[in-house]
**Q** 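First the structure, which I've put down as structure tokens, then a few questions once you've had a look.
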Amino acid sequence: MSDFPSPDELFARPFFFVGIGGSGMLPLAQILKGRGAKVGGSDRSFDQGRTPDKFAALEQQGFELHPQDGSGIVSGDQIVVASAAIEESVPDINRATKLGCLRLTRAELNSILFNTSGAGVAVAGTSGKSTVTGMLGWIMQATGREPTIMNGAVMKNFVSPERPYASAVVGGQSLYISEVDESDGSIALYRPAVGVLLNVSLDHKSMEELRQLFGDYLSRSRISVINADDEEAIALLPHAQEVITFGIEQQKAQIGVVPGSIAEGPIRQAAMIVDRHDSSKHALRLNMPGRHNLANALAAIAGAVASGIPVATAVDALAGFHGLARRFDVVGTTAKGITVIDDFGHNPEKCGATLRTLRAHPGRVLAFFQPHGYGPLRQMGEELAQTFADELSGDDVLMLSDPVYFGGTVDRSEGSERIVSLVKSAGGQAEYIPDRSAVRVRLLEIARPEDRIVVMGARDDTLSEFALSLFDSLS
């Protein structure tokens with residue numbers, strides 16, 4: 001990291017984000033602009049007219065938007081921020097190379113801000129990172145700590161008419177809370193004061209690679225917060241220095257749940273939280289359903305404790321947490337009782353958690369899944385198919401469209417039809433409907449009272465528009 005400029009040197013130069021509307025790019029752009037930097041960028045979705053409301057909001061906030069044709073790169077003094085995987089043939093990158101611009105990946109930039117803050121609190125794991133980051137951020141905000149928060153999702157508590165896409169909060173420089181990503185290996189860049197580990201399961205990398213990355217992450221964290229219910233996560237405990245554990249099932253976890261105290265509803269839940277350090281008990285009310293979200297709340301409480309916040313204070317703050325956009329986000333329920341839910345589920349663990357939450361309550365599930373890429377589908381296809389087969393019953397309906405594809409040279413020889421075949425081989429039912437407009441027709445055709453329709457997928461903001469238009473049509 002010593003090869004990169006200091007934050008003060010960074011803020012003195014103009015930034016250009018290639019893909020500024022992306023879930024990882026936008027919050028960083030917001031943080032830089034909030035700290036006084038000049039920030040512009042380009043995005044293929046902007047050029048294609050996708051999600052126009054988002055880009056209109058960015059322009060209103062003072063971000064300079066350009067076509068992704070190289071025209072926004074005008075000086076070698078600009079710092080160009082882009083995905084590590086972006087192709088050199090992209091005009092903006094080609095132009096930046098010719099002008100000799102300093103280039104940073106999203107993770108490099110975020111790690112500079114994180115590691116140079118007074119204290120960095122990192123949230124890692126295969127699933128739940130954005131939710132726990134939002135919960136932790138809200139606990140810190142509600143208790144007057146004025147955190148800077150870097151999240152991959154819009155946090156409803158921080159949304160305002162001026163900032164409808166609040167995936168970041170620009171607070172002070174003494175506390176920086178961020179989710180950190182293992183999928184590209186960039187988790188290795190961070191040196192946390194507090195390092196939270198939620199879970200370890202197959203996603204973008206092999207289990208061997210994940211164990212190495214997460215083990216090293218814990219060894220660099222001054223205090224580690226580990227999920228005692230996750231076998232893979234707790235097996236990495238020997239890598240950690242000081243440790244706080246949390247868990248619903250493991251009775252030895254420091255932050256846990258009183259057995260028999262969980263009261264679950266379709267959109268919220270309650271439980272009695274126990275701090276086994278002093279045996280004190282605290283009533284938690286959470287405006288999110290699902291056992292996985294209760295585990296997320298425990299992680300946030302434990303992370304807050306590691307940061308010096310009492311358990312009681314953290315539990316009280318979570319009662320005011322309103323959740324994240326696209327995380328079991330209830331769009332609405334029609335007069336006939338059909339509920340539409342917008343959800344970020346895209347890997348086996350996330351999809352399984354969402355479907356288990358739905359299956360815990362009466363009503364048929366109509367699940368539409370749009371894979372977030374051809375590469376991930378090849379990596380986790382068999383596990384994903386098994387999840388769908390295991391978690392959906394005979395009356396439920398699963399539909400898959402073609403994966404997200406915005407251009408590039410990715411191998412598209414194996415797609416969603418393979419997953420449908422695997423689901424059927426595993427004993428489940430699934431339909432391959434390549435085009436999303438045809439999925440819409442099919443859902444409107446078969447939906448009946450008391451159904452729950454869940455729209456799942458990542459990397460495509462128009463899924464939220466799809467869920468909303470579906471609800472409008474059903475209403």
**Q** Kindly check if the number of other-residue, nucleotide or ligand heavy atoms within 6.0 Å of CD (Glu146) is above 12?
**A**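 It does not: Glu146 CD has 12 such atoms or fewer within range.
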
**Q** Is there a donor-acceptor contact under 3.5 Å from the side chain of Gln269 to the main chain of Met288?
**A**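 The answer is yes, because a donor-acceptor pair under 3.5 Å joins these two groups.
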
**Q** Tell me whether Arg418 at atom CZ has more than 12 heavy atoms from other residues, nucleotides or ligands lying less than 6.0 Å away.
**A**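 Yes - once you tally the heavy atoms of other residues, nucleotides and ligands closer than 6.0 Å, there are more than 12.
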
**Q** Could you check whether any side-chain heavy atom of Tyr432 comes within less than 4.5 Å of a side-chain heavy atom of Leu398, counting everything from C-beta outward?
**A**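 Tyr432 vs Leu398: side chains apart.
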
**Q** Determine the sole option in Arg452, Arg326, Arg327 for which the salt bridge (Lys or Arg N to Asp or Glu O under 4.0 Å) test with Asp342 is passed.
**A**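 Result for salt bridge (Lys or Arg N to Asp or Glu O under 4.0 Å) with Asp342: Arg326.
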
**Q** Looking at every heavy atom in both Gln386 and Ala426, which two are closest together, and how far apart are they?
**A**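 Minimum heavy-atom separation between Gln386 and Ala426: OE1-CB, 3.8 Å.
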
**Q** Is the shortest heavy-atom distance from the side chain of Val257 to the side chain of Val274 under 4.5 Å?
**A**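 Heavy-atom side-chain distance check fails, nothing below 4.5 Å.
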
**Q** Do Leu400 and Glu431 make a side-chain contact, defined as non-hydrogen atoms from C-beta onward lying under 4.5 Å apart?
**A**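 Result no, sub-4.5 Å side-chain heavy-atom pair not found.
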
**Q** Kindly give the heavy-atom pair with the smallest separation between Ile187 and Ala124, and that separation in Å.
**A**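 Minimum heavy-atom contact is CD1-CB, 3.8 Å.
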
**Q** Is there a side-chain contact between Val180 and Val123, using heavy atoms and a 4.5 Å cut-off?
**A**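 No; the side chains remain at least 4.5 Å from each other.
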
**Q** How long is the gap from CG on Leu284 to CG on Leu318, to the nearest 0.5 Å?
**A**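 Output value for this atom pair is 6.0 Å.
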
**Q** Should the heavy atoms of other residues, nucleotides or ligands under 6.0 Å from CD of Glu232 be counted, would the total exceed 12?
**A**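 For Glu232, atom CD is crowded (more than 12 foreign heavy atoms under 6.0 Å).
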
**Q** Report yes if the side chains of Gln251 and Arg276 come closer than 4.5 Å at any heavy-atom pair, otherwise no.
**A**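 Yes. Closest side-chain heavy atoms under 4.5 Å.
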
**Q** What is the minimum heavy-atom distance between Leu198 and Asp230, and which atoms define it?
**A**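 Here Leu198 and Asp230 meet closest at O-CB, 4.1 Å.
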
**Q** State the CG-CZ distance between Asn110 and Arg106, to the nearest 0.5 angstrom.
**A**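 Separation between the atoms: 6.5 Å.
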
**Q** Taking the six-membered ring of Phe63 as reference, does the cationic atom of Lys33 (NZ for Lys, CZ for Arg) lie under 6.0 Å from its centre and within 45° of its axis?
**A**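 Checked: cation-pi criterion met.
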
**Q** Between Val365 and Val454, does the side chain to side chain contact (heavy atoms under 4.5 Å, CB included) criterion hold? Intermediate values first, please.
**A** CA-CA 7 Å; Val365 176; Val454 59; 4.3 Å; yes

**Q** Distance from Met25 atom CE to Ser83 atom OG, nearest 0.5 Å?
**A**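 Reported to 0.5 Å precision, the distance equals 6.0 Å.
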
**Q** Describe, in one word, how the ring planes of Phe466 and Phe368 are oriented to each other, choosing from parallel (under 30°), tilted (30 to 60°) and perpendicular (over 60°).
**A**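 Tilted, since the angle between the ring planes falls between 30° and 60°.
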
**Q** May I ask you to check whether Arg145 and Ser307 show a side-chain donor-acceptor distance below 3.5 Å?
**A**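 On atom types as modelled, these side chains do not qualify, holding no pair under 3.5 Å.
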
**Q** Identify the heavy atoms of Pro147 and Gly137 that sit nearest to each other, and give their distance.
**A**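 So the minimum-distance heavy-atom pair works out to CG-O, 3.8 Å.
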
**Q** Using only heavy-atom distances, determine whether the side chains of Ser130 and Glu179 contain a donor-acceptor pair under 3.5 Å.
**A**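 Side-chain D/A pair, Ser130 to Glu179: present.
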
**Q** Please check: side-chain N/O of Asp275 versus main-chain N/O of Val311, any donor-acceptor pairing under 3.5 Å?
**A**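 Side chain of Asp275 to backbone of Val311: no pair is present.
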
**Q** Closest approach of Met150 and Gly24, non-hydrogen atoms and distance?
**A**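 In this case the closest contact between Met150 and Gly24 is SD-O, 4.3 Å.
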
**Q** Between Asp460 and Arg50, is there a side-chain N and carboxylate O pair less than 4.0 Å apart?
**A**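 Yes.
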
**Q** Do the side-chain N and O atoms of Ser45 and Gln48 include a donor-acceptor pair separated by under 3.5 angstrom?
**A**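 Judged by distance alone, the side chains do not pair up.
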
**Q** State whether a side-chain donor-acceptor pair under 3.5 Å links Thr126 with Asn347.
**A**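 No, no side-chain donor-acceptor contact under 3.5 Å.
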
**Q** Where do Ile149 and Ile31 come nearest, in terms of heavy atoms and distance?
**A**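 Heavy-atom minimum between the residues: O-CD1, 3.8 Å.
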
**Q** So Ser221 and Tyr190, do their side chains get closer than 4.5 Å, heavy atoms only?
**A**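 Not in contact.
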
**Q** Checking Asp329 against Leu324 for the side chain to side chain contact (heavy atoms under 4.5 Å, CB included) test, could you report, in this order, the C-alpha distance in whole Å, the side-chain angles of both residues, the deciding distance, and whether it holds?
**A** CA-CA 7 Å; Asp329 198 352; Leu324 307 181; over 6 Å; no

**Q** Salt-bridge test for Arg364 and Glu450: reply yes if a basic N is under 4.0 Å from a carboxylate O, no otherwise.
**A**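 Between Glu450 and Arg364 there is no salt bridge, as every charged N stays at least 4.0 Å from the carboxylate O atoms.
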
**Q** Take atom CZ of Arg268 as the centre, draw a 6.0 Å sphere, and report whether it contains more than 12 heavy atoms from other residues, nucleotides or ligands.
**A**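 Not buried by this count: 12 neighbours or fewer within 6.0 Å.
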
**Q** Take a 6.0 Å sphere around NE2 of His277 and say whether it holds more than 12 heavy atoms from other residues, nucleotides or ligands.
**A**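 Atom NE2 in His277 is not crowded, with 12 or fewer foreign heavy atoms closer than 6.0 Å.
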
**Q** Flag yes if more than 12 heavy atoms outside Arg285 fall under 6.0 Å of its CZ atom; otherwise flag no.
**A**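 12 or below, so no.
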
**Q** Verify the neighbour count for atom CD of Glu445: are there more than 12 heavy atoms of other residues, nucleotides or ligands below 6.0 Å?
**A**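 Correct, the count exceeds 12.
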
**Q** Quick one: do Thr354 and Asp343 satisfy side chain to side chain donor-acceptor pair (under 3.5 Å)? Show the steps, please.
**A** CA-CA 8 Å; Thr354 294; Asp343 190 75; 2.8 Å; yes

**Q** Run the side chain to side chain donor-acceptor pair (under 3.5 Å) test on Asp395 and Ser393 for me, step by step, so that the C-alpha distance in whole Å, both residues' side-chain angles and the decisive distance to 0.1 Å come before the verdict.
**A** CA-CA 6 Å; Asp395 291 335; Ser393 73; 5.3 Å; no

**Q** Keeping Ser206 on the side-chain end and Glu209 on the backbone end, is there a donor-acceptor pair under 3.5 Å?
**A**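 Here the side-chain-to-backbone pair exists.
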
**Q** Let me see the working for Ile453 and Ile341 under side chain to side chain contact (heavy atoms under 4.5 Å, CB included), right down to the final yes or no.
**A** CA-CA 6 Å; Ile453 299 175; Ile341 296 155; over 6 Å; no

**Q** What distance separates Asn296 CG from Phe321 CZ, expressed to the nearest 0.5 Å?
**A**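 Reported value, rounded in 0.5 Å steps: 9.0 Å.
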
**Q** Is the backbone of Ala153 close enough, under 3.5 Å, to the side chain of Tyr165 for a donor and an acceptor to pair up by distance?
**A**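 No, Tyr165 side chain to Ala153 backbone: no donor-acceptor pair under 3.5 Å.
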
**Q** Compute the ring centroids of Phe369 and Phe388, then answer whether they are less than 6.0 Å apart.
**A**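 Yes, close enough.
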
**Q** Do Tyr374 and Val404 come within less than 4.5 Å of each other through their side chains, counting heavy atoms only?
**A**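 Contact flag for Tyr374/Val404 side chains = no.
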
**Q** Hey, mind stepping through Leu474 and Val340 against side chain to side chain contact (heavy atoms under 4.5 Å, CB included) and telling me if it holds?
**A** CA-CA 9 Å; Leu474 288 165; Val340 177; 3.9 Å; yes

**Q** Salt bridge between Lys336 and Asp451, side-chain N to carboxylate O under 4.0 Å?
**A**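 Result for this pair is no, no salt bridge flagged.
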
**Q** Do Gln254 and Thr245 have side-chain atoms, one donor and one acceptor, less than 3.5 Å apart?
**A**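 No, Thr245 and Gln254 have no side-chain donor paired with an acceptor closer than 3.5 Å.
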
**Q** In Å and rounded to the nearest 0.5 Å, what is the CG to CG distance from Asp43 to Leu26?
**A**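 With rounding to 0.5 Å, CG (Asp43) is 9.5 Å from CG (Leu26).
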
**Q** Examine the side chains of Asp181 and Ser186 and answer whether a donor and an acceptor come within less than 3.5 Å of each other.
**A**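 Looking only at side-chain atoms, Ser186 and Asp181 do not form any donor-acceptor pair under 3.5 Å.
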
**Q** Do the charged groups of Glu391 and Arg359 touch, with an N to O distance under 4.0 Å?
**A**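 No salt bridge links Glu391 with Arg359.
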
**Q** I'd like to know if Arg291 pairs up with Glu249 as an ion pair, taking the criterion as any Lys NZ or Arg NE/NH1/NH2 lying under 4.0 Å from an Asp or Glu carboxylate oxygen.
**A**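 Salt bridge flag = yes for Glu249 with Arg291.
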
**Q** What distance do Met155 atom CE and Trp138 atom CH2 have between them, rounded to the nearest 0.5 Å?
**A**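 Rounded to the nearest 0.5 Å, the CE-CH2 separation comes out at 11.0 Å.
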
**Q** For Leu236, which of Leu218, Asp216, Leu210 qualifies under side chain to side chain contact (heavy atoms under 4.5 Å, CB included)?
**A**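 In the set Leu218, Asp216, Leu210, the residue that makes a side chain to side chain contact (heavy atoms under 4.5 Å, CB included) with Leu236 is Leu218.
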
